[in-house]
A.B. asks: 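Here it is, the structure in full.
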Amino acid sequence: MASFQSLPGFRDFYPEEFSRRQHIFRVWRQGASAFGFQEYDAPVLEPLELYKTKSGDEIEAQLFSFTDKGGREVALRPEMTPTVCRMVGAKAGALKRPIKWFSIAEFYRYERAQKGRLRAFNQFNADIFGEAGPEAEIELIALLIQCLNGFGLTKDDFYIRLSDRDLWFFYLEALGLNENQARGILSAIDRYEKMGDDAFTGYTEVHGELAAATKEKVLTFLKIKSLGELESTLAPFKSDKLAVRLADWRKVLGGLAAMKLNDFVAVDLGVVRGLAYYTGFVFEAFDRKGDLRALAGGGRYNDLVKKLGGPDLPAVGFAIGDVTTGLLLEQRGLTPRFVTAPDIYVVIGGELERAAAFGDIHALRGAGWRVEYPFKELAFGKQFKAASESGAKLALIYGGDELAKGVVKIRDLTDRSEQEVPRDQVLVCVRDFLSGH
RNA sequence: GCGGCCAUAGCUCAGUUGGUUAGAGCACAAGAUUGUGAUUCUUGGGGUCGCGGGUUCGAAUCCCGUUGGCCGCCCCA
């Protein structure tokens, strides 16, 4: 047993786990690239104030924060949004709009680990800055779907719940509630799925009992499952704000339907998302079976760049986590096999033949082939066994007999056939052989 | 921050009411086998029984603490 273990909630990535992580990163990166997003990165350590400004003081309890040797209050980044807002805000004037950026990075939160949640995890982040219209939401939701489709996940595996914080506020305003009351209701909505009617006790304590008729209307709104229901529910209200939001909803759902993505998206006003900086559409991706926490989440945050000292710049973004994604891929058998096989395994007769083999081995590697050979002198039988177990498609045999004739033997490890080729043609013959498979 | 379950070899686990030097399978390595891959056989390395303390003639086993893991609550950017 080792004297040291990794810290709680942190993971070691041995080669097999690392390859699984790389597969996830590769799919995300391919998706972002296809959508024309540009990759960026940023420091892991940031001023603590950056997160307090965005999320309030209470966030500190869930941060990896400390005082550095220069007396600065710092924190390991718990998310990318404040950082990317700072970066974009600093150069907003020089960046071509719309700004479409993504990153793949590790984040840290000081919380107790549980299923799908660790203290160190990776996230794919994609954001669009400088586009106030719902075109940005269409682009991002389509990208989110692509980033999950890329693993082989289908509409039977996951779906996206789409909601709208502005719509809620405008609706609650139309019902006669003030802004504080509306925030209280949203907080109750957030918990309603889990707690049922008890979710409203917090509201009652602060604002008093919600009128039965109003509550009824809130719950009706919450249960809306389609654009049609949404339109008919809102029809009686003469509100310009609501009409504008409805037009945006038609655009988003229409655009996604035109991309044939409508099966992936569900109208679900039960999603409001925890912290209060979202200003419009919000969305979360979930496993269809529903026993995992959210795969991804995001929404519009039009005020944040300005709040962090930048210009007034509209923004939408989302993040996908690697932990829940990995669990879902595991459940669905979509984890790729761990392959370490070389292309070629070189069998070497003895020390005399080794020098000859080394020249060709290095040339083959220079040509881009993955080539392995035994470090120590080994019996031929052992070497063939090793060649077979390595998963290589072919073996090159450098024995005394062959070299005396000026040839190298190529053995097809799949059907055990062999042929001799002149030594100076090894590269060409290997290329012909491997490209034919 | 709170609660439940758990911790023996790299992995999966056994280990009797507390009793000699803590075991198995798999994996790894060497050999049987000095020019051709299976299977098999032999052998080997690898453990402060998570860590610390206590009870006892004696602790992997019982008790307390602690660290870590899994799971749930809070929270979830």
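Below, read A as the first sequence line, B as the second, and so on, with proteins coming before strands; counting in each chain starts at 1.
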A.B. asks: Please tabulate, one pair per line, each protein N/O and nucleotide N/O from nucleotides 25-29 of chain B that are separated by under 3.5 Å, including the distance.
C.D. replies:
none

A.B. asks: For U61(B) and C49(B), measure between their P atoms and round to the nearest Å.
C.D. replies: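 Their P atoms lie roughly 10 Å apart.
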
A.B. asks: Send over the distance from Tyr278(A) OH to C76(B) P, rounded to a whole Å.
C.D. replies: 12 Å

A.B. asks: Under 4.0 Å between a side-chain N/O of Lys385(A) and OP1 or OP2 of A38(B), yes or no?
C.D. replies: yes

A.B. asks: Could I get a table of every N or O pair under 3.5 Å where one atom is in the protein and the other is in nucleotides 72-74 of chain B?
C.D. replies:
from	atom 1	to	atom 2	distance (Å)
G72(B)	OP2	Lys115(A)	N	3.2
C74(B)	N4	Gln114(A)	NE2	3.0
C74(B)	N4	Arg117(A)	NH2	2.7

A.B. asks: Mind checking which stems touch RNA chain B? I mean at least 3 consecutive Watson-Crick or G-U pairs, both distances under 3.5 Å.
C.D. replies: B:1-7 with B:67-73, B:10-13 with B:23-26, B:28-32 with B:40-44, B:50-54 with B:62-66

A.B. asks: Roughly how far apart, to the nearest Å, are U48(B) and A9(B) at atom C1'?
C.D. replies: 13 Å

A.B. asks: By a strict heavy-atom criterion of less than 4.0 Å, which residues belonging to residues 118-128 of chain A are in contact with RNA chain B?
C.D. replies: none

A.B. asks: Hey, can you pull the residues of residues 343-360 of chain A with a non-hydrogen atom under 4.0 angstrom from RNA chain B?
C.D. replies: none

A.B. asks: So is the aromatic ring of Phe380(A) stacked onto the base of U36(B), judging by whether the centres are under 5.5 Å apart and the planes are under 30° apart?
C.D. replies: no

A.B. asks: Please work out if Gly298(A) contacts a base, only the sugar-phosphate, or nothing of the nucleic acid, heavy-atom cut-off 4.0 Å.
C.D. replies: nothing

A.B. asks: In this structure, are over 12 heavy atoms from other groups packed under 6.0 Å from Phe13(A) atom CZ?
C.D. replies: yes

A.B. asks: In this structure, how many angstroms lie between the P atom of G1(B) and the CD atom of Glu111(A), rounded?
C.D. replies: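 These atoms are roughly 12 Å apart.
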
A.B. asks: Is it true that Arg21(A) and Glu17(A) make a salt bridge, defined as a side-chain N closer than 4.0 Å to a carboxylate O?
C.D. replies: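 Not counted as a salt bridge, because no side-chain N and carboxylate O are separated by less than 4.0 Å.
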
A.B. asks: Please state the P separation for the pair G68(B) and A32(B) - nearest whole angstrom.
C.D. replies: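 Roughly 49 Å separates the two P atoms.
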
A.B. asks: Of the residues in residues 402-410 of chain A, which ones touch RNA chain B at a heavy-atom distance under 4.0 Å?
C.D. replies: Glu402(A), Lys409(A)

A.B. asks: When the C1' atoms of G69(B) and U8(B) are considered, how many whole Å apart are they?
C.D. replies: 15 Å

